[in-house]
There are 2 protein chains.
Amino acid sequence: MAIAWEGNAYDPECPTRVVLDRIGDKWTVLIIEVLDAGPRRFNEIRLAIGGITPKVLTSTLRSLAADGLIVREAFGEVPPRVEYRLTDLGRSLLEPVAALRQWAERNVAEIEGNRNSAEAVATR
Amino acid sequence: MAIAWEGNAYDPECPTRVVLDRIGDKWTVLIIEVLDAGPRRFNEIRLAIGGITPKVLTSTLRSLAADGLIVREAFGEVPPRVEYRLTDLGRSLLEPVAALRQWAERNVAEIEGNRNSAEAVATR
DNA sequence: CCGCATCCGAAAGGATACTG
DNA sequence: CAGTATCCTTTCGGATGCGG
């Protein structure tokens, strides 16, 4: 059980924390957005994203499946064929992500500008 | 300049990526939520959160200030007094975060359940 | 084709002690 | 009070090569 703090404390079981850990990694959001267009095979996902190694793609897909955000379906064929598709849960996650994206697109320029100014000050 | 991919690719400069990197760390969301209640001093933030070390709090506050999400105000007093407060930009970030929190609170039970089932299968 | 095994480097975060 | 300075552990992700 999580420790009961009085106020606002770090808690790895806090729902918001769990979700941030889930979508805060490098590839999760990209993957579910690829799968939003429909079921995709392993190498289709890999090529659609670009830059992800098979190992990392495998582990990310496994954890997404473990969380019930996607399902993995392996067809008993030779050569193997494996498809991944979003669950309803996974698809519903795209809504708050879209809200985040909207905020990001509206405000990232200001953040980047601030960052550059701060860097200029730091190196002055 | 960011590389121009055809479709959906990893891009460290993608606005959504920038924001996920910003709020995906361990302490940022907790800090801005503490500051949403009003300006706070360094140790007030530290004690309100609990478990964060001075070093990590310092570096997180610095980067938040560099991004323009908070402002740092040092009063020339002895002993020192330093206050941190949200900017409008920082406060506006709480809106998409709230959307994420709502989704999290509604769905984290299902995710945790799926995780436990998956683990049970893995260790069976 | 779809992975797994192994090794590795970088970076985030933490423990502890100290300072202006 | 508000940080710094070191040192350290853990974790994420990447590179490469092999296997069913």
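Bear in mind the structure is a predicted one, so any value in this text is a computation, not a measurement. A, B, ... follow the sequence lines: proteins, then strands. Residue 1 opens every chain.
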- Going through the distances and angles, do A:W103 and B:E95 end up as a side chain to side chain contact (heavy atoms under 4.5 Å, CB included)? CA-CA 9 Å; A:W103 188 92; B:E95 297 176 19; 5.7 Å; no

What is the nucleic acid contact for [X], judged by heavy atoms within less than 4.0 Å: base, sugar-phosphate only, or nothing?
{"X": "B:R72", "result": "sugar-phosphate"}
{"X": "B:Y84", "result": "sugar-phosphate"}
{"X": "B:R46", "result": "nothing"}

Can you tell me the distance, in whole Å, between the [atom1] atom of [X] and the [atom2] atom of [N]?
{"X": "B:L61", "N": "D:dG3", "atom1": "CG", "atom2": "P", "answer": "8 Å"}
{"X": "B:L47", "N": "D:dA2", "atom1": "CG", "atom2": "P", "answer": "10 Å"}
{"X": "A:L57", "N": "D:dC12", "atom1": "CG", "atom2": "C1'", "answer": "15 Å"}
{"X": "B:R81", "N": "D:dA2", "atom1": "CZ", "atom2": "P", "answer": "9 Å"}
{"X": "B:I45", "N": "D:dG3", "atom1": "CD1", "atom2": "C1'", "answer": "13 Å"}
{"X": "A:D25", "N": "D:dT10", "atom1": "CG", "atom2": "P", "answer": "22 Å"}
{"X": "A:R22", "N": "D:dC12", "atom1": "CZ", "atom2": "P", "answer": "11 Å"}
{"X": "A:I52", "N": "D:dC12", "atom1": "CD1", "atom2": "P", "answer": "14 Å"}

- Message: If I take atom CG from residue A:L86 and atom CD1 from residue A:I31, how far apart are they, to the nearest 0.5 angstrom?
- Response: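 Here the rounded value is 10.5 Å.
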
- Could you tell me whether A:E33 and A:R101 have a side-chain N and a carboxylate O separated by less than 4.0 Å?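 A salt bridge is present here (some side-chain N lies under 4.0 Å from a carboxylate O).
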
- Are the charged groups of B:D67 and B:R22 less than 4.0 angstrom apart, N to O?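 B:R22 and B:D67: salt-bridged.
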
- Quick one: on DNA chain C, does A:V82 or B:W27 contact a more 5' nucleotide (nearest heavy atom)?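 So the residue in question is A:V82.
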
- Message: List the residues meeting side chain to side chain contact (heavy atoms under 4.5 Å, CB included) with B:R41, not counting sequence neighbours, and say none if there are none.
- Response: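 Once residues adjacent in sequence are excluded, the partners of B:R41 under the side chain to side chain contact (heavy atoms under 4.5 Å, CB included) criterion are B:E44, B:R81, B:E83.
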
- Task: Report yes or no: does A:N43 contribute a side-chain atom to a donor-acceptor pair with the main-chain N or O of A:R46 at less than 3.5 Å?
- Result: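 No; judged by distance alone, with no hydrogens or angles, the pair does not exist.
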
- Query: Would you say A:N114's side chain and A:E110's backbone share a donor-acceptor pair under 3.5 angstrom?
  - Reply: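 Yes, the answer is positive, given that a donor and an acceptor are paired below the 3.5 Å cut-off.
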
- Of A:G24 and B:K55, whose closest DNA chain D nucleotide lies nearer the 5' terminus?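 Counting from the 5' end, the first nearest nucleotide belongs to B:K55.
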
- Query: Going 5' to 3' along DNA chain C, which nucleotides are the first and last within contact of chain B (any atom under 4.0 Å from a heavy atom)?
  - Reply: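 Answer, 5' to 3': C:dG13 to C:dG20.
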
